[in-house]
Amino acid sequence: MTRSGPGDSYAGYRANLVESVRRKGVEDLAVLRAIGEVPRHLFVPPALLRSAYEDTSLPIGSGQTISQPSTHARAIAALRLTGHEKVLEVGTGSGYQTALLALCAMTVFSVERVPELATAARSALAKAGIGNVSVLVGDGTLGWRAYEPYDAILVSAGSPDVPAPLIAQLAPDGRLVIPIGNRQAQTLTLVTIAADGAVVRRPVADATFVPLKGTHGFHA
Ligand code: SAH
């Protein structure tokens, strides 16, 4: 992991980013520490380097976007990670959120449908020195059966509903966070399974994500 230090010219920018995310109401210390440590400049296209530490979403190619850091922070905080979890992420994108998750949990399995994005994310994660992640190219609405069950699942694309395979791959006391809505606007939603097996949904925040495309997402 690239640590802040005298040779790291972005450390001051990261400290400012942590402050602005904190001001937006995120209190989870592990998440704030991760934002202070992950070199976001490695995950954005070179032309956008100047904006790497602003709390804004940015285009990452293939028609996709890296979300606002405060949005990642809210979503990860809702998972209430303690550092011991096996996490499934759907929609690797740039790999930045994967990196944040990797610092807050034990292992991260991440699925991305666009091969070029998966390749770039793997290389940025390696450059950042993050090893406890695996990236698979595929349809994440099907989950990743090989490593189920997951203590936490984070979907970073907007979905019409919770894909059934993700519920099936969630550990009994697991937490799933997913933006649910239409293609234009969604509600970031915390999904848990009650003792009687009922699926419980609680709204976390309003959100605007790119569409989750696949078997259990939007079609075409
Ligand atoms: N967390 C990412 C956000 C990327 S945007 C980041 O920090 O950069 C959402 C991503 O979900 C896109 O990369 C898109 O290609 C991907 N995606 C959409 N549908 C998917 C699916 N069914 N399976 C896996 N990835 C999907």
Side-chain angles (χ1 to χ4, degrees), residues 17 21 31 34-35 38-45 48 51-79 87-105 108-125 127-128 130 133-145 147 150 152-166 169 176-186 188 207-220:
L17 178 58
V21 171
V31 176
I35 289 177
V38 174
R40 193 171 187 247
H41 63 276
L42 298 180
F43 296 88
V44 304
L48 298 172
S51 308
Y53 291 101
E54 288 166 15
D55 190 24
T56 51
S57 55
L58 297 168
I60 53 171
S62 305
Q64 306 300 326
T65 52
I66 177 173
S67 303
Q68 244 183 296
S70 53
T71 302
H72 291 305
R74 275 193 200 100
I76 298 174
L79 293 173
V87 180
L88 173 69
E89 179 189 46
V90 176
T92 318
S94 67
Y96 175 68
Q97 178 176 268
T98 324
L100 296 177
L101 286 168
L103 264 69
C104 297
V108 183
F109 296 95
S110 187
V111 186
E112 170 57 54
R113 64 183 283 275
V114 179
E116 295 76 19
L117 291 176
T119 303
R122 283 192 194 108
S123 118
L125 287 161
K127 254 193 217 158
I130 292 168
V133 302
S134 307
V135 177
L136 173 79
V137 175
D139 177 2
T141 69
L142 302 173
W144 191 342
R145 294 275 322 262
Y147 299 102
Y150 299 96
I153 299 180
L154 181 48
V155 180
S156 52
S159 180
D161 203 347
V162 190
L166 300 186
Q169 292 173 33
L176 190 165
V177 169
I178 178 168
I180 299 178
N182 56 35
R183 286 170 181 267
Q184 282 75 40
Q186 309 92 33
L188 195 62
T208 316
F209 285 80
V210 297
L212 182 72
K213 292 181 189 162
T215 312
H216 299 272
F218 290 105
H219 302 291

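Here the structure is a predicted model, which is why all the values come from computation and not from measurement. As the structure lists them, so they are numbered: ligands from 1, and atoms in each ligand from 1. Sequential numbering from 1 along the given sequence is applied to the chain's residues.
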Visitor: Just verifying a value: how many Å separate Thr92 OG1 and Phe109 CZ, rounded to the nearest 0.5 Å?
Guide: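 The CZ atom of Phe109 is 12.5 Å from OG1 of Thr92, to the nearest 0.5 Å.
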
Visitor: Would a 4.5 Å heavy-atom cut-off, applied to side chains only, mark Asp55 and Leu17 as touching?
Guide: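 Contact flag for Asp55/Leu17 side chains = yes.
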
Visitor: If we only count heavy atoms from C-beta on, is the Ser134 to Trp144 side-chain gap below 4.5 Å?
Guide: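 Of all side-chain heavy-atom pairs linking Trp144 with Ser134, at least one is under 4.5 Å.
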
Visitor: Could you check whether any side-chain heavy atom of Pro59 comes within less than 4.5 Å of a side-chain heavy atom of Leu48, counting everything from C-beta outward?
Guide: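 Yes, at least one pair of side-chain atoms sits under 4.5 Å.
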
Visitor: Got a second to check how far Gln186's CD is from Ile180's CD1, nearest 0.5 Å?
Guide: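 So the CD of Gln186 and the CD1 of Ile180 are separated by 10.0 Å.
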
Visitor: What does the contact table look like for ligand 1 (nitrogen or oxygen on each side, cut-off under 3.5 Å)?
Guide:
unit_1   : atom_1 : unit_2 : atom_2 : d
ligand 1 : 1 (N)  : Gly91  : O      : 3.4
ligand 1 : 1 (N)  : Ser156 : OG     : 3.2
ligand 1 : 7 (O)  : His72  : NE2    : 3.4
ligand 1 : 8 (O)  : Ser94  : N      : 2.9
ligand 1 : 8 (O)  : Ser94  : OG     : 2.8
ligand 1 : 13 (O) : Glu112 : OE1    : 2.7
ligand 1 : 13 (O) : Glu112 : OE2    : 3.3
ligand 1 : 15 (O) : Glu112 : OE2    : 2.6
ligand 1 : 19 (N) : Lys213 : N      : 3.0
ligand 1 : 22 (N) : Asp139 : OD1    : 3.0
ligand 1 : 22 (N) : Lys213 : O      : 2.6
ligand 1 : 23 (N) : Gly140 : N      : 2.8
ligand 1 : 25 (N) : Arg113 : N      : 3.2

Visitor: Under the side-chain hydrogen bond (donor to acceptor under 3.5 Å, both in side chains) test, which residues partner Ser94, sequence neighbours left out?
Guide: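 Ser94 satisfies side-chain hydrogen bond (donor to acceptor under 3.5 Å, both in side chains) with no residue once adjacent residues are dropped.
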
